[in-house]
S.K.: 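Submitted below is the structure of interest, expressed as structure tokens.
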Amino acid sequence: MTDLTPAPLTAEDLGSEATAIQATDRLARAGLRPTRQRVALARLLFDGHDRHVTAEQLHGEASTADMRVSLATVYNTLHQFTEAGLLREVVVEAGRSYFDTNVSDHHHFFFEGNGRLIDIPGDALAVSGLPEAPAGTRVARVDVIIRLSDGN
């Protein structure tokens with residue numbers, strides 16, 4: 001019989017013990033089981049600074065940190081974190097999404113030339129003249145992406 005109990009998280013897997021505990025606590029508060037891969041990816045994502053990452057970028061960071069995780073697992077984990085309210089998905093065009101660690105009310109500048117996103121505080125932009133929502137629905141939130149190109 002094979003033991004399917006996950007191995008305990010170690011400092012080698014996750015970096016400092018304090019950071020691993022913070023990641024584990026964050027996942028538990030969000031209702032997610034703190035698996036080894038979730039904790040490791042959470043440590044990369046939630047380093048104390050708001051950031052925007054693609055699944056491919058996070059997979060590259062995990063590989064650089066010698067974490068064995070497939071790109072499919074990274075995608076699945078990012079979507080699980082989004083569903084749990086830990087991340088916000090920002091779709092800048094069909095097939096191109098970023099995951100934002102800042103889940104507060106805010107908007108974005110998107111630099112079309114290099115694909116960079118910058119946060120715009122929610123109170124820095126006023127949206128008015130919204131049409132009425134269809135019957136039986138309500139506006140949950142308004143996301144604004146201001147696309148920027150080179151000044152030439």
Side-chain angles (χ1 to χ4, degrees), residues 9 13-16 18-152:
L9 301 172
D13 293 331
L14 304 169
S16 75
T19 306
I21 291 169
Q22 290 170 344
T24 300
D25 288 347
R26 180 181 289 231
L27 294 174
R29 283 193 312 269
L32 293 171
R33 192 167 65 89
T35 64
R36 179 186 306 240
Q37 291 175 325
R38 283 182 184 155
V39 171
L41 293 172
R43 283 195 58 252
L44 290 174
L45 283 167
F46 306 113
D47 64 355
H49 301 90
D50 288 328
R51 56 191 297 224
H52 307 97
V53 297
T54 65
E56 291 79 6
Q57 288 170 326
L58 186 60
H59 182 255
E61 290 177 23
S63 295
T64 299
D66 290 327
M67 294 177 193
R68 288 194 207 176
V69 61
S70 71
L71 182 57
T73 297
V74 171
Y75 270 106
N76 290 337
T77 302
L78 288 170
H79 287 290
Q80 290 164 355
F81 286 5
T82 301
E83 289 174 22
L86 296 173
L87 295 174
R88 194 165 132 191
E89 186 174 12
V90 180
V91 180
V92 295
E93 56 195 30
R96 189 170 186 187
S97 293
Y98 290 82
F99 293 87
D100 191 348
T101 60
N102 178 357
V103 294
S104 70
D105 181 32
H106 70 285
H107 308 284
H108 294 94
F109 282 121
F110 175 65
F111 294 81
E112 291 181 329
N114 62 16
R116 190 168 56 126
L117 280 177
I118 295 179
D119 288 347
I120 302 170
D123 61 359
L125 181 70
V127 178
S128 63
L130 288 177
E132 252 185 70
T137 66
R138 67 175 180 78
V139 175
R141 90 175 177 233
V142 175
D143 296 321
V144 176
I145 299 174
I146 300 173
R147 297 172 185 282
L148 304 173
S149 62
D150 292 337
N152 301 331

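Numbering of residues begins at 1 and proceeds along the displayed sequence. Below, all heavy atoms of this structure are taken into account, side chains as well, without hydrogens, waters or symmetry copies. On a predicted model such as this, the values are computed, not experimentally measured, just so you know.
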S.K.: In terms of ring plane angle, is the pair H79 and Y75 parallel, tilted or perpendicular, where the classes change at 30° and 60°?
M.R.: parallel
S.K.: Please list, one pair per line, the donor and acceptor atoms closer than 3.5 Å that link side chains of residues 131-138 to other protein atoms, with sequence neighbours excluded.
M.R.:
residue: T137; atom: OG1; partner: P134; partner atom: O; Å: 2.6

S.K.: Can any side-chain N or O of R147 pair as donor or acceptor with the backbone N or O of V92 at less than 3.5 Å?
M.R.: yes
S.K.: Please round to the nearest 0.5 Å and tell me the distance separating atom CD of Q22 and atom OG1 of T24.
M.R.: 10.0 Å
S.K.: If you look at every heavy atom in A40 and M67, which pair is closest and at what distance?
M.R.: CB-SD, 3.6 Å
S.K.: For residues 124-148, pull every pair meeting ring-ring contact (aromatic ring centres under 6.0 Å, His included), keeping only residues two or more places apart or in separate chains.
M.R.: none
S.K.: Which atoms form the tightest heavy-atom contact between A62 and V69, and what is the distance?
M.R.: CB-CG1, 3.6 Å
S.K.: Side chains of D119 and H52: any donor to acceptor distance under 3.5 Å?
M.R.: yes
S.K.: Hey, is the main chain of R33 close enough, under 3.5 Å, to the side chain of R38 for a donor-acceptor pair?
M.R.: yes
S.K.: Passes side-chain contact (heavy atoms from CB on, under 4.5 Å), L86 versus L32? Steps please.
M.R.: CA-CA 10 Å; L86 296 173; L32 293 171; 4.1 Å; yes
S.K.: Rounded to the nearest 0.5 Å, what separates atom CG in D50 from atom NE2 in H106?
M.R.: 7.0 Å
S.K.: Between R88 and S104 (side chain of the first, backbone of the second, donor and acceptor by atom type, cut-off under 3.5 Å), is there such a pair?
M.R.: yes
S.K.: Measure the spacing between CG of L41 and NE2 of H59 and express it to the nearest 0.5 Å.
M.R.: 9.5 Å
S.K.: Could you tell me the separation between the OG1 atom of T64 and the CG atom of L44, rounded to the nearest 0.5 Å?
M.R.: 9.5 Å
S.K.: To the nearest 0.5 angstrom, please state how far the CG atom of L87 sits from the CZ atom of F99.
M.R.: 7.5 Å
S.K.: Looking at R51 and L45, what are the two nearest heavy atoms and their distance?
M.R.: CD-O, 3.5 Å
S.K.: Could you report the tightest heavy-atom contact between V142 and V139, atom names first, then the distance?
M.R.: CG2-CG1, 4.0 Å
S.K.: If we only count heavy atoms from C-beta on, is the F111 to D150 side-chain gap below 4.5 Å?
M.R.: no
S.K.: Please give me the minimum heavy-atom distance between A42 and A23, naming the atom from each residue.
M.R.: CB-CB, 4.0 Å
S.K.: I need the F109 CZ to I146 CD1 distance, nearest 0.5 Å.
M.R.: 5.0 Å
S.K.: Could you tell me if the side chain of V90 sits less than 4.5 Å from the side chain of D143, heavy atoms only?
M.R.: no
S.K.: Compare every heavy atom of S97 with every heavy atom of V91, then report the nearest pair and how far apart it is.
M.R.: CG2-OG, 3.5 Å
